[in-house]
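Written below as structure tokens is the structure these notes are about.
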Amino acid sequence: MTMTAQQHRHPKRRCVALSLSPSLARIPGAPTPPLDSLADELLFLVLDRVAQADPRALKSFALASRACHAAESSHRRTLRPLRADLLPAALARYPTATRLDLTLCARVPDAALASAAVSGSSSALRAVDLSCSRGFSAAGVSELAVACPGLVDLDLSNGVDLGDAAAAEVARARALRRLSLARWKPLTDMGLGCVAVGCTELRELSLKWCLGLTDLGIQLLALKCRKLTSLDLSYTMITKASLPPIMKLPSLQELTLVGCIAIDDDALGSLERECSKSLQVLHMSQCQNITGVGVSSILKSVPNLLELELSYCCPVTPSMVRSFQKLAKLQTLKLEGSKFMADGLKAIGTSCASLRELSLSKSSGVTDTELSFAVSRLKNLLKLDITCCRNITDVSLAAITSSCSSLISMRMESCSRVSSGALQLIGKHCSRLEELDLTDSDLDDEGLKALARCSELSSLKIGICLKISDEGLTHIGRSCPKLREIDLYRCGGLSDDGIIQIAQSCPMLESINLSYCTEITDRSLISLSKCSKLNTLEIRGCPRVSSIGLSETAMGCRLLSKLDIKKCFGINDAGMLYLSQFSHSLRQINLSYCSVTDIGLLSLSCISGLQNMTIVHVAGITPNGLAATLMVCGGLTKVKLHEAFRSMMLPHMIKNVEARGCVFQWIDKPFKVFYGSPGCLTHSIRPLCSPTRSCLICYSKTLHTICFRKAWFYSAVFCAARSKCNAVFFSVLSVYCL
């Protein structure tokens, strides 16, 4: 019997080998696959087009033939693994990769970095991003620095537990050009000194929120790293003593001092004798101890400044603005949240004729008279931000559109005193606009018809515009084919017809917000499924959409990464099953108030890259189903749950998930329960008090009895989820459904 079994198995094995061998090995006498005859340069062009359309298709391309496999292996330059344990295999598979992006790995232990170093395949790496990862220490940084001698770009932001020991290991990477140590709160001058001595080739350095640094460390940095072009010292404790050595850096082009409360007028006044002709960008927002006197002092030292940011800083006075006349090349001025004194804005128009970008968002004291005078002098303005400048009226908008016809970006959210008739002037005079924000304005269909002349629009935000309808949105869809982002938040007058026109006419669409557009149905989602580049979909509070529309979107939009379906009562487990099958790029999802049960939640565990989940109020989710999902989804970095679930789940399970790098956010809000079948499209919702442990236990038992019928079903689903056995899971699911 053994011989007979072997005789039957061998021919079958040979048939399988012969059927698969053309993709792996050349058979003598067999015809050459068409792709094998192409030159490498042509294969690389094909790869670029494939990656642009669907990055996941690269794997299928590599399996087409031996030549495709080799081309894909040698052409890829960026690696973005989903799990840290895949790192050695990925480096071995792509030996020519130059950039390693680990932002999808919530936890990267030292062992993973050490195994990558042992494999010897990381020597080609030039850039490594660990800004979203935890779990590694100075030992892991040491392994990385030794294994990558050519490393020039290293991002270690958010290493809140890393300090001087890790900084000393970073100093081994002698070739570093760009380094980010943001939020290294234990870092002191000793660790920074090691970096300064070891990495003398640094060009860009971020020390944001490094609270342990003092003037001594910054002075040593300025002494050793003479090639610095960009330095970020935001929210550090530096004082007057740090500024002179920084300003003496011969190549410094960008200096960020946001939130440095120890910097005052005296510190800036000490720089009058220093002159930095290389500095082009200066950010001093939220420096609360600076006044116009200090600003005037430092501007004397930077004659070639191109960009100046003083948001949420000192009041804007005419005397301070007149000092801007010394900056003949100034192109960008950001004064968000500032208080304008009389004639302060007029002085900007007189003193800053070279401005290309002006930001006055949330500033007080901005009036029609002063704004109209300023824009009449700024003929070359390209970007204007007047968000929440609530005192301006049609007079200001008329002056803006007549004087600044070359605008490419305009933001005027919540400018409620501007009439719908005046908004039509934007489309009539500013036809070059690429970005427009009219959120919470008096815009109507006639205004949208006028805006249709802006054929270059790529971003349009018209949320909370209650007067617009499908007629106006149709004009936008027909005339703006380059649209990539549109925000229609709470536009209750819209229905499917307008959305269908946008979906059919804007093939480049990447992001759409339809939250609380209560009239849209599955027709809108089906039309959006044709937008293959769509990556962000927000349909919160749309009760008429269901899993039918979501399934079409999941199948058509393979790049979908962010999904908000909160309060979409018609979306149930069927929609989750389609997401798990087709939306492998999904990173963030909000399921609150949906009709999803444990079955749908468990199916989402098939999406290995899922990072962020919000499950605050979902009546069909039980603690056991939630626990199973959390254990299976190894890539989660943030989970938002109702406070009641904390006492329902085992403490060691929560610690286990947190040890993988996941952060729990517990929300204590009134609980709402759907009455009726969890899969039903119509629900009656009744607010309840915050549930206790006994309430949830009772509800879980009731839901268990209604939905699962048999005790063995839930046990099988739980075991299948833990073992990631999709075959067992879906077979059990099919038995239940039948």
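Because the structure is a prediction, the values reported are computed rather than measured.
The existence of a salt bridge linking Arg544 and Glu519 is confirmed by a sub-4.0 Å separation between a basic side-chain nitrogen and an acidic carboxylate oxygen. Lys461 has no carboxylate O lying under 4.0 Å from a charged side-chain N of Glu435, or vice versa, which leaves the two without a salt bridge. Taking the charged nitrogens against the carboxylate oxygens, Asp101 and Arg80 do have a contact shorter than 4.0 Å, which makes a salt bridge. A salt bridge links Arg484 with Glu510: the distance from a Lys NZ or Arg NE/NH1/NH2 to an Asp or Glu carboxylate oxygen falls below 4.0 Å. Salt bridge annotation for Lys655-Glu658: absent, with no cationic side-chain nitrogen under 4.0 angstrom from a carboxylate oxygen.
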Report the C-alpha separation of Ser441 and Leu423 in whole Å, then their side-chain angles, then the decisive distance to 0.1 Å, and conclude whether the side-chain contact (heavy atoms from CB on, under 4.5 Å) test is met. CA-CA 9 Å; Ser441 66; Leu423 292 174; 3.9 Å; yes
Stepwise side-chain hydrogen bond (donor to acceptor under 3.5 Å, both in side chains) check, Asn513 with Ser515: CA-CA 6 Å; Asn513 187 348; Ser515 297; 2.9 Å; yes
Begin with the C-alpha distance, continue with both residues' side-chain angles, and end with the deciding distance and a verdict on side-chain hydrogen bond (donor to acceptor under 3.5 Å, both in side chains) for Thr103 and Asp129. CA-CA 7 Å; Thr103 54; Asp129 190 346; 5.4 Å; no
Apply the test side-chain hydrogen bond (donor to acceptor under 3.5 Å, both in side chains) to residues Ser131 and Asn158: give CA-CA distance (whole Å), side-chain angles for both, the deciding distance (0.1 Å), then the verdict. CA-CA 6 Å; Ser131 59; Asn158 303 310; 5.3 Å; no
Candidate pair Val366 and Ile386, rule side-chain contact (heavy atoms from CB on, under 4.5 Å), full reasoning: CA-CA 9 Å; Val366 179; Ile386 50 176; 5.7 Å; no
Evaluate His475 against Leu448 for side-chain contact (heavy atoms from CB on, under 4.5 Å), listing each step before the verdict. CA-CA 7 Å; His475 291 293; Leu448 285 178; 5.5 Å; no
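For the pair Leu473/Gln501, no side-chain contact is recorded, criterion being any heavy-atom separation below 4.5 Å from C-beta on. Counting heavy atoms from C-beta outward, Ile408 and Leu433 have side chains that stay 4.5 Å or more apart. Side-chain contact between Leu438 and Leu451 is present, with heavy atoms from C-beta onward closer than 4.5 Å. Side-chain atoms of Leu494 and Asp470, non-hydrogen and from C-beta on, do get closer than 4.5 Å to each other. Within the 4.5 Å cutoff, the side chain of Lys449 has no heavy atoms near those of the Glu471 side chain. In this structure, Leu436 and Leu457 have side chains that are in contact, with non-hydrogen atoms separated by less than 4.5 Å.
Between Ala450 and Gln424, the shortest heavy-atom contact is CB-O, 3.6 Å. Minimum interatomic distance between Ala106 and Arg660 (heavy atoms only, all atoms of both residues): CB-O, 3.6 Å. The two residues Ala452 and Ser479 come nearest to each other via the heavy atoms O-CB, 3.1 Å. Here the shortest heavy-atom pairing between Ser133 and Leu102 reads OG-O, 2.8 Å.
Checking His617, Lys567, Arg540 one by one against Tyr593, the side-chain hydrogen bond (donor to acceptor under 3.5 Å, both in side chains) holds for a single residue, His617. With respect to Asn572, the side-chain hydrogen bond (donor to acceptor under 3.5 Å, both in side chains) criterion is satisfied by exactly one of Ser595, Ser547, Ser546: Ser547.
Asp487 places no side-chain N or O within donor-acceptor distance of the main-chain N or O of Gly463, the cut-off being under 3.5 Å. At least one donor-acceptor pair closer than 3.5 Å links the side chain of Thr637 to the backbone N or O of Gln611. Remark: side-chain polar atoms of Ser561 are paired, donor with acceptor, to backbone N or O of Asn535 under 3.5 angstrom.
Residue Ile392 holds its CD1 atom at 5.5 Å from CE of Met412, rounded to the nearest 0.5 Å.
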